[in-house]
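Okay, so here's the structure we're looking at.
A note on names: the letters A, B, ... follow the listed sequences, proteins ahead of strands, and every chain is numbered from 1. All values reported here derive from a predicted model rather than from experimental measurement.
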2 protein chains.
Amino acid sequence: MSNEKEVTIYDLARKLNISVATVSRALKDDPVVSKKTKKKISDLAVEMGYRSNHFARNLRTQRTNTIGVIIPRINSYFMSSVIAGMENIATSEGYNLIISQSSESVEKEVANTITLFNNRVDGLLVSLTYDTDSLAHFDPFIRKKVPLIFFDRTADQKDCTCILINNWKAAYEATTHLISQGRRRIVHLTATQKRNVYIDRLEGYKQALADQRIPFREDYIIVGNLSQEAGAEAASRIREMQPLPDAVFVANDNCAVGCMIALKQMGIRIPEDIAFVGFNNDPVSTVVEPNLTTINYPGYEMGQVAARNLIDHLNGSSNIHSTNTIILRSELILRESSVSRQP
Amino acid sequence: MSNEKEVTIYDLARKLNISVATVSRALKDDPVVSKKTKKKISDLAVEMGYRSNHFARNLRTQRTNTIGVIIPRINSYFMSSVIAGMENIATSEGYNLIISQSSESVEKEVANTITLFNNRVDGLLVSLTYDTDSLAHFDPFIRKKVPLIFFDRTADQKDCTCILINNWKAAYEATTHLISQGRRRIVHLTATQKRNVYIDRLEGYKQALADQRIPFREDYIIVGNLSQEAGAEAASRIREMQPLPDAVFVANDNCAVGCMIALKQMGIRIPEDIAFVGFNNDPVSTVVEPNLTTINYPGYEMGQVAARNLIDHLNGSSNIHSTNTIILRSELILRESSVSRQP
DNA sequence: GTTGCTCATACAATCGTTTGCATATCGAAA
DNA sequence: TTTCGATATGCAAACGATTGTATGAGCAAC
């Protein structure tokens, strides 16, 4: 009982006195097999507890029904929501996900790429590390025409779809909002200017200033790794600025929260002295006091869209060249951290 | 160039005028092949860009090098940390992870189990839903002797390893701490009493009361789904209690935070009027004001241990019968939410 | 020169499917 | 009765590895 042999299509065929070819076709619902035989076969399959052998099939068909995912780290609210969305779609479409973390290390990203290539994933969903410059490690996929989709932290790669929000616009709105609240000396906390998301947010911020005829100041840009600790460090620098800035726009809620807490400990009042706007709509944004104004960034939805899009490509129901960029809706959520007085 | 055929061991063999058997053995570093041939072969493999075909190998060896993971939801800080830990170990050991979410639905858990069984995973790592009663859906794995490890939300299943913290002790310490701060009317927010973690925490809480001769009150136990919203609802019920409780021990930080925020809005002071202790050491616990005393629950480490343990079983380097339960260290972290006056 | 032994390599079956092509069946039209 | 399409089924060759068993080469001892 415990070591029962697996049931194969040969067993089914033998029992019914038909050929394996017919069994194989019947199980795939091939119209060439008659309804009667199909029924006989599928009934017996259930009865004998047959389950198809993915390896044999994959070996034969040269497909894996597996999607590779490479992300910087999984344990952030945003990214785990993305993964949840991907899992949701993939499972319902019969695909498996192989998830690997680069931990913000380019070498690990390259290593993961190789692993996934050797696993012969059917497609790849990628969000890059802060520092990835060269995209050469994706060449093997391109050459073999394995579809590749970037999301969130994307890169310009010919023939690859990108899934994003309009970071420029989000930052523009955030900054404009701060200005509309009477703020003029607006610091921007961001990460390395290698990645689209941070470049675009900075540009949006700059444009908002320009449109309101507020001069841009290089020393108001603080670059870090956007961790909570980086936020606390930035707080010390902000504290030293003369005159004290009256607002901070942060490219990530966690970092914003770290900065807010540190400033509050220094006796600075939020939003009276300094207003804050974050990014991502992380759960902490409704816990910190005052609640943090932020940009809603739909992670779960982004994961779903990415997976759905890739699977559509794989099924041939969409052409990878037809859609090159998908922009998801995002919006500014107003909370107390940035509003000068509540209505 | 773009449609180059995959290089197989046959290609290598032909080029070197030797048999595929030798090539196969050489690539596995089988000592029976001479050093000289091995070198020739591995050099050529690199040169020609050979990569082994997992499906052919799996088909032949009947192993998949894949581990299945079933969890309630991935997008919580604790669970995404667990996954990160698992990914870390699995990747370094050459295993892949297939992660599936049950979303707290027993039906989805069963469906995922079937999917993973059909995927022929080598082993399974499971954290159960709130409501899973029967474990019958795991029988196919047991029968085929596929190792099965439960973590966090575990169940008694013969021959299965469980990985946990000592929930009883953690709750006992948390409650004792509250009592030591002069609290007597301690409410406990928890989840369904079907799962070990919540049962054990309640028992620890009860025992701590008993040891301090404080009568247990059934109406101080509030059962919910431990979401932030459930915390807010609980706050309303707590508010109505006469006399007002003076402490709350919550089985989850997120829920604790929801409850604290709601109570604060009602004008109740924390910790003066009501002290709080949470569970998990989620990042929000250091953001909420006052910072939340909690139990440190090492998610990343738990994921690593679970994966390590399973892989050791699979490699035969450990016997599944030898270790039945692994208890990880946890500890009470004191913060302002429960300490009556700071030193 | 034969025997015996070790070390290295080759042969060939096997794993469970898929699929192009060939074949069988059967009723209807010629 | 023969012929012709359909329609349904079967044959057999892949797919790319692994591995038990057989074979061959080389060499030392007798």
Next on the checklist: I want to check one thing: is the phosphate of C:dA10, taken as OP1 and OP2, less than 4.0 Å away from some side-chain N or O of B:S19?
Outcome noted: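 Checking C:dA10 against B:S19, a side-chain N or O does come within under 4.0 Å of OP1 or OP2.
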Next on the checklist: On the nucleotide C:dT17, are OP1 or OP2 found under 4.0 Å from the side-chain N or O atoms that A:Y50 carries?
Outcome noted: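 Affirmative; the distance criterion is met.
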Select base, sugar-phosphate, or nothing to describe what [X] touches, counting heavy atoms under 4.0 Å on all strands.
X     : result
B:I18 : sugar-phosphate
A:S34 : sugar-phosphate
B:F55 : nothing

Item to check | Polar side-chain atom of B:Q304 near backbone of B:N88 as donor-acceptor pair, under 3.5 Å | outcome: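 No, because the side chain of B:Q304 does not come within donor-acceptor range (under 3.5 Å) of the backbone of B:N88.
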Would you kindly give the [atom1]-to-[atom2] distance between [X] and [N], to the nearest whole Å?
X     : N      : atom1 : atom2 : answer
A:I9  : C:dT14 : CD1   : C1'   : 15 Å
A:R60 : C:dT17 : CZ    : C1'   : 8 Å
B:L59 : C:dT17 : CG    : C1'   : 8 Å
B:D29 : C:dA8  : CG    : P     : 13 Å

Item to check | From C:dT19, C:dC11, C:dA8, nucleotide with atom closest to B:T37 side chain | outcome: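 From the listed options, C:dA8 comes nearest.
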Item to check | Nucleotide of C:dC15, C:dG16, C:dT18 approaching A:A56 most closely (side-chain heavy atoms) | outcome: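 Nearest to the side-chain atoms of A:A56, counting from C-beta on, is C:dG16.
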Checklist entry - From the 5' end of DNA chain D to its 3' end, which nucleotides mark the outer limits of contact with chain A, defined by a 4.0 Å heavy-atom distance cut-off (strictly under)? => result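 From 5' to 3', the first and last contacting nucleotides are D:dA8 to D:dG16.
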Checklist entry - Which comes earlier along DNA chain C counting from the 5' end, the contact point of A:R25 or that of A:S52, where each point is its nearest nucleotide? => result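 The 5'-side residue here is A:S52.
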Checklist entry - Using rotation axes that map the C1' atoms of four end pairs onto the next four (five pairs an end), what angle separates the end axes of the helix from C:dG1-D:dC30 to C:dA30-D:dT1, to 10°? => result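 The helix from C:dG1-D:dC30 to C:dA30-D:dT1 shows an end-to-end axis angle of 70°.
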Checklist entry - If you find the nucleotide of DNA chain D closest to A:V20 and the one closest to A:Q62, which residue's nucleotide is nearer the 5' end? => result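 This one resolves to A:V20.
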Checklist entry - Would you call the rings of B:F141 and B:F117 parallel, tilted or perpendicular, where under 30° means parallel and over 60° means perpendicular? => result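 Rings of B:F141 and B:F117: perpendicular, over 60°.
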Next on the checklist: Which residues pass the salt bridge (Lys or Arg N to Asp or Glu O under 4.0 Å) test with B:D133, not counting sequence neighbours?
Outcome noted: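 For B:D133 the salt bridge (Lys or Arg N to Asp or Glu O under 4.0 Å) partners, ignoring immediate neighbours, are B:K194.
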